[in-house]
> 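Mind looking over this structure? Questions follow.
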Amino acid sequence: MTDAKQDEVDPNAPVAGMDFFMQLEYHELLCPVVREFADALMDKRLIGHRCPQCGLVYSPPRGYCPICVVPTTKADEIELATRGIVTNYTVVTPVQYYGQEETEPFAKVSLQLDGGGNLSLQDLLEVPVEQVHPGMRVEVVWAPDSERKVDDITNRSWGTAEGAIQGWKPTGEPDASPDDYSDKVF
Amino acid sequence: MSTQPAAVIGIGQTKHKKKRDDVSLPGLVREAAQRALDDAELNWTDIDAVVLGKAPDPFEGVMMPELSMADALGANGKPIMRVHTAGSVGGSTALVATHLVQTGVHDRVLTVAYEKQAEGNAQWGLAGGRSGGMGAGGIFAPWMRTYIRRSGAPEDIGWKVAVKDRQNACKNPYAHLHLPDISIEKVKESPMLWDPIHFLESCPSSDGAVAMVLTNEAGAKKAPRKPAWVLGTAMRSELGTFPGRDTVRPRAGVECAHMVYDAAGIKNPREQIDVAELYVPFSWYEPMWLEGHDIAGPGEGWRMVESGETEITGNFPVNASGGVLSSNPIGASGMLRFAEAALQVRGEAGEHQVADAHVGLAQAYGGSAQYFAMWVVGSTLDAVDKKK
Ligand SMILES: [Zn+2]
C-alpha cells in the first residue's frame, strides 16, 4: 500500500481487505536441449531443431517434433538467421499492475527468420510505435556481453529469449512482400 | 461406451460484480449452487457428486480452494473433483459432470464454476507479474490483426460487437456491466489497450459463480421445470505454440465444432442452431469464432455482425446474455456460456430470451486458444430432428 493511500485510511475503521503480494522463488533445471539453446544465446547464436520428418523448425529446440511425434537430436540442430521479417505485432499500452516498469506504449512483434524459424513477443527497437507494420525487415540487437543473461529461459519458454536479446532493429531494406509472411500468424 | 441422455434441470448464478466483498470464496460458490438446487427443487442430500472448476489459483492467491470449499458445497462423503483447462474450464467442468450422468456413474451431479478476481490481480496473473508482460489481450491482439487483414473486415466490426453485447447485458440482471449509454463512438474513443483492442472491446474482471444440476432421463421427467437436454458434447486441444499454427482458425476449434455438430446431428449449424453463447472476451472473437467453427464461411463472420444477424433479434443471435464482454469471472465464464444456452432452450432467459430458441450452442476456449469445450442443448431430445 502506498503512503498516500495509507493517509486516507481511518485507523479505527474495520479492516475490509489488504494488499498481499506473494513471491515464489525456485530454480528450474533446464532440460538438455533448452540448456544448449541458452548456452548458444550467451554465445550470440540462435539455434533450433529442424524436424527430420516435416521440416518445421523449433526454437528453442524441444528434443522432439510434437506434430510428427518423433524425437529430434543434435544431428537436427541448425543455426538460425538473426535477421527476419516482422509478420505480426501489437502495441501495448501498459496497465500499471504490480511489477510493470513500462509507462509508455511499446510494440511486441512476431518474427519469421530468414531460412526458417520464428519467434514471438519480441521487442522492436528504434521504431516509433505508430510506424510498426508487418513486412518490416529487422535484425537482432544482442544485449552487451556484460549484461547478457539467460535467467528467464525456462523449459516452458515460448522463444522470447529475453535477457540475451535486447530487441530487433530495422535493417533499412525494403519491406517483404505479404506473400512471404501472410500465413505466419503466430 | 454406452451413454444415456443427460439434462440440465437447475441453473443458478450470482450477480457478477467487480468486487463481491460481502462473501468469501466458499460463500460465493454456495450462493450459485443453492440457486441451482432451488431451481431444480432439490436438496443438498439429493446430489451424488460435485464437479468444480476454476482458472489458475494465482487469480485469487488461494491454492487448491477446492479443499476448503467441499463443505460449502455439501460434499461430505461424496465424490468431488476439480477441473482446470484455463479459460475454457467452465465448459470442460460442465462436460465432466455431464459425462458422469451420461455414463450412469451418478444420477444427479452438481457442477459449479467461479472466480473471485478482486481477491487477486488478474492482470498480474495473466502477464506473469513481469515488466513487459502482455496479458491475454496482448497475446490475442496480433491474431485479430491477422483476421482483419485476411478477411478484409472493416474496423468498426469490433466496435459493433462490443455495443451489441453490452446492450444485451442490460437485459440480464446478473451481468456485471450495465452500460445503457454505450455507443460506437464511445467504444472507438476508449483508450487503445492492445492495438487493435480498445478498452471497451475488452472483458471486465469480475467476481462471480455459476452452477448447474445435471441428471438422467428419469430425473429430468421428475423435474419441476423444463429440462435442457444435452444433445452433444465435445472437447479438443492443441499445442499453444508450434511453427505453422493457424491462430486465427485453430484446428482444435474446427475439430471440436464438427465433433459437437455430429454428436447432435447438426448438418447446417447456421440454420439448425437458434442461439449461440460463444466465448468472446475481446470483440473480434465473435466473427473469428463464427468462421473458426464453420458457422460462417471464410470472410463471412464479420458480415453476419455487420448485417445484424448476431443481434438478439437476428437470425443467429450470439451472446444474448451479454457474454464474456459483460461479465468475466474467468473460471465461471465458460460455464456461464453453457448455462445461458440451457436457459435459452428452457425458455427461462427472461428479458434476454431469444424467441423460439430450441437448439443452443455453447462454446468456451482457454489458454492460447488451445483448449475448446462445447455443447449443444435442446428443448427436447429431438429438437434438431424437428428442424430437418
Ligand atoms: Zn515434424
Side-chain angles (χ1 to χ4, degrees), chain A residues 16-17 19-24 48 50-51 54-59 62 65-67 86-102 105-110 112 116-118 120-121 123 129-130 132-134 152 156-160 162 178 181-186, chain B residues 19 21-22 57-58 60-63 118-135 137-150 190-199 202 205 238-251 282 288 368:
Chain A
D19 287 342
F20 180 81
F21 293 109
M22 297 187 296
Q23 188 166 321
L24 180 62
R50 189 188 292 279
C51 170
C54 69
L56 288 176
V57 174
Y58 294 89
S59 181
R62 300 182 185 191
C65 171
I67 295 171
V86 172
T87 61
N88 218 333
Y89 76 99
T90 185
V91 174
V92 182
T93 306
V95 176
Q96 292 308 305
Y97 61 82
Y98 183 78
Q100 176 131 28
E101 287 160 18
E102 279 84 1
F106 59 95
K108 289 277 183 180
V109 301
S110 304
Q112 172 69 21
N118 52 257
S120 55
L121 306 177
D123 289 315
V129 290
E130 54 279 5
V132 181
H133 60 274
D152 291 333
R156 293 153 288 122
S157 173
W158 290 9
T160 50
E162 258 172 71
Y181 62 83
S182 60
D183 60 332
K184 312 288 194 310
V185 297
F186 32 84
Chain B
K19 188 168 189 167
D21 49 13
D22 58 322
D57 291 347
E60 292 95 356
V62 177
M63 298 302 143
E119 298 205 355
N121 181 327
Q123 181 62 29
W124 183 89
L126 289 165
R130 295 191 308 177
S131 190
M134 305 283 283
I139 302 293
F140 298 135
W143 307 350
M144 292 175 201
R145 302 196 65 86
T146 300
Y147 171 76
I148 294 166
R149 192 169 70 214
R150 254 192 216 174
S190 66
M192 187 73 94
L193 292 187
W194 304 275
D195 193 347
I197 309 171
H198 290 81
F199 174 74
S202 312
S205 183
E238 72 181 40
L239 301 174
T241 165
F242 60 87
R245 181 177 186 219
D246 189 345
T247 50
V248 175
R249 184 181 162 81
R251 192 166 131 193
F282 303 102
M288 284 170 73
S368 305

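Computed from heavy atoms alone, side chains included, the values below leave out hydrogens, waters and symmetry copies.
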> Is any side-chain heavy atom of Met192(B) less than 4.5 Å from a side-chain heavy atom of Pro105(A)?
no
> Count the heavy atoms of every other residue, nucleotide or ligand shown that sit under 6.0 Å from CZ of Phe199(B), and state whether that count exceeds 12.
no
> Could you give the distance from NE2 (His198(B)) to OG1 (Thr93(A)), rounded to the nearest 0.5 Å?
9.5 Å
> For a side chain to side chain contact (heavy atoms under 4.5 Å, CB included) with Asp195(B), tell me which candidate from Val92(A), Val91(A), Val132(A), Val129(A) qualifies.
Val91(A)
> Within this structure, what is the NZ-CH2 distance for the pair Lys108(A) and Trp194(B), rounded to the nearest 0.5 Å?
14.5 Å
> Give the member of Ile67(A), Thr90(A), Val57(A) that has the highest number of heavy-atom pairs under 4.5 Å with chain B.
Thr90(A)
> Can you list everything that forms a salt bridge (Lys or Arg N to Asp or Glu O under 4.0 Å) with Arg50(A)? Sequence neighbours excluded, please.
none
> Check each atom of Tyr89(A) against the heavy atoms of chain B and say whether the ones under 4.5 Å are side chain, backbone, both or neither.
both
> Out of curiosity, Arg149(B) CZ to Asn88(A) CG, how far, rounded to the nearest 0.5 Å?
5.5 Å
> When rounded to the nearest 0.5 angstrom, what is the spacing between OG in Ser110(A) and CZ in Arg145(B)?
11.5 Å
> Report the distance from atom CZ of Phe242(B) to atom SG of Cys51(A), rounding to the nearest 0.5 Å.
13.0 Å
> Specify the closest pair of heavy atoms between Met134(B) and Leu121(A), including all atoms of both residues, with the distance to one decimal.
CE-CD2, 3.7 Å
